[in-house]
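These notes concern the structure reproduced below.
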Amino acid sequence: MTDHRADHDPDCLFCKIVAKQIPSRMVYEDDEFYAFHDISPWAPVHFLLIPKAHIASMAQVTQAHAALMGRMMALVPVLALQAGCRPYPEGGFRLVTNTGAEGGQEVRHLHFHIMGGPRPWLRG
Ligand code: 5GP
Ligand code: ZN
């Protein structure tokens, strides 16, 4: 299947997940965003929220992305509760975005890690 979206990188793992060429356990989907469980979770709840458009990392985010990023941030607390994080303040969640090699980024498609659930966690 050919994907003609200009904002799609055919060599990108998360673009392939968005295109359903690689299976994932979906948490949420709309026209702009996709959320799915991390394949190697650090915490009882650990999912990734990504824009469907291929943005390599936070290092590429500019004012042109301000509205998109605002909508992405506003999804975080809603999806965290939906995915099983307990309510604030007793529960809560951790939001992490690794950026670049020294930032610990492995997959070069912007993603928020959202982690939560009872401690101890495997990491973090
Ligand atoms: P990064 O290190 O780039 O911040 O995070 C990449 C995350 O993607 C890691 O937590 C890793 O477990 C997850 N991941 C890598 N490949 C896959 C995959 O094929 N499916 C899913 N669901 N998660 C993946
Ligand atoms: Zn991508």
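All ligand and atom numbering here is 1-based and tracks the order in the structure. Along the sequence shown, residues are numbered consecutively beginning with 1. Treat the numbers as computed from the prediction; the structure is a model and nothing was measured.
For Gln21 (side chain) and Lys16 (main-chain N/O), no donor-acceptor pair under 3.5 Å exists by modelled atom type. Within the 3.5 Å criterion, the main-chain N or O of Met72 finds no donor-acceptor partner in the side chain of Glu32. A donor-acceptor pair is defined here as one N or O able to donate and one able to accept, closer than 3.5 Å; no such pair exists between the side chain of Ser24 and the backbone of Met26. Looking only at distances, a side-chain donor or acceptor of Lys52 sits under 3.5 Å from a matching main-chain atom of Asp30. A donor-acceptor pair under 3.5 Å is absent between the side-chain atoms of His109 and the main chain of Asp9, judged by distance alone.
Taking every heavy atom of Ser40 and a limit of under 4.0 angstrom, the matching atoms of ligand 1 come to 12 (O). Interface of Gly104 with ligand 1, defined as ligand atoms under 4.0 Å from a residue heavy atom, comprises 2 (O). For ligand 1, the atoms closer than 4.0 angstrom to any heavy atom of Phe36 are 21 (C), 22 (N). Counting the atoms of ligand 1 from 1 in the order shown, those under 4.0 Å from a heavy atom of Gln105 are 3 (O). Every atom of ligand 1 with a heavy atom of Phe14 under 4.0 Å away is listed here by number and element: 8 (O). Numbered from 1 in the order shown, with element, the atoms of ligand 1 that lie under 4.0 Å from a heavy atom of His113 read 1 (P), 4 (O), 5 (O), 7 (C), 10 (O).
With respect to atom 10 (O) of ligand 1, the closest heavy atom belonging to the protein is Asp38 OD2, 2.5 Å. Scanning the protein for heavy atoms near atom 14 (N) of ligand 1, the closest one is Ile39 CG2, 3.8 Å. The single protein non-hydrogen atom nearest to atom 6 (C) of ligand 1 is His111 NE2, 3.6 Å, given as residue, atom name and distance. Protein heavy atom nearest atom 3 (O) of ligand 1, with residue, atom name and distance: Glu106 N, 2.7 Å. Among protein heavy atoms, the minimum distance from atom 22 (N) of ligand 1 is reached at His37 O, 2.9 Å.
In this structure, Phe112 has its ring center at least 6.0 angstrom away from the ring center of Phe93.
Among all heavy-atom pairs drawn from Pro44 and Trp121, the shortest one is CD-CD1, 3.5 Å. Minimum heavy-atom separation, Gly92 to Cys85: O-CB, 3.6 Å.
Of the polar atoms of Trp42, none of the N or O atoms is found under 3.5 Å from an N or O of ligand 1, judged by distance alone.
Between Val96 and ligand 1 there is no heavy-atom distance shorter than 4.0 Å.
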* Could you go step by step and tell me if Leu110 and Thr97 meet the side chain to side chain contact (heavy atoms under 4.5 Å, CB included) rule? -> CA-CA 8 Å; Leu110 174 64; Thr97 307; 3.8 Å; yes
* For the pair Tyr34 and Lys20, evaluate side chain to side chain contact (heavy atoms under 4.5 Å, CB included) and give the outcome as yes or no after the intermediate values. => CA-CA 11 Å; Tyr34 189 65; Lys20 310 266 163 77; 3.9 Å; yes
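Counting heavy atoms under 4.0 Å from ligand 1, residue Arg25 does not touch it at all. Neither the backbone nor the side chain of Ile22 comes within 4.0 Å of ligand 1, counting heavy atoms alone.
Look at His8 and the Zn ion (ligand 2): no N/O/S atom of the residue is under 2.8 Å from the metal.
Classification of the His46-Trp42 ring pair by plane angle, with boundaries at 30° and 60°, yields perpendicular.
Around atom 15 (C) of ligand 1, the closest heavy atom drawn from Leu13, Leu110, Ile17 belongs to Leu13.
Note on His54: its N/O/S atom closest to the Zn ion (ligand 2) is ND1.
Summarising the local packing, CZ of Arg25 is surrounded by 12 or fewer heavy atoms from other residues, nucleotides or ligands at distances under 6.0 Å.
With the Zn ion (ligand 2) as the vertex, atom SG of Cys12 and atom ND1 of His109 span an angle of 110° (nearest 10 degrees).
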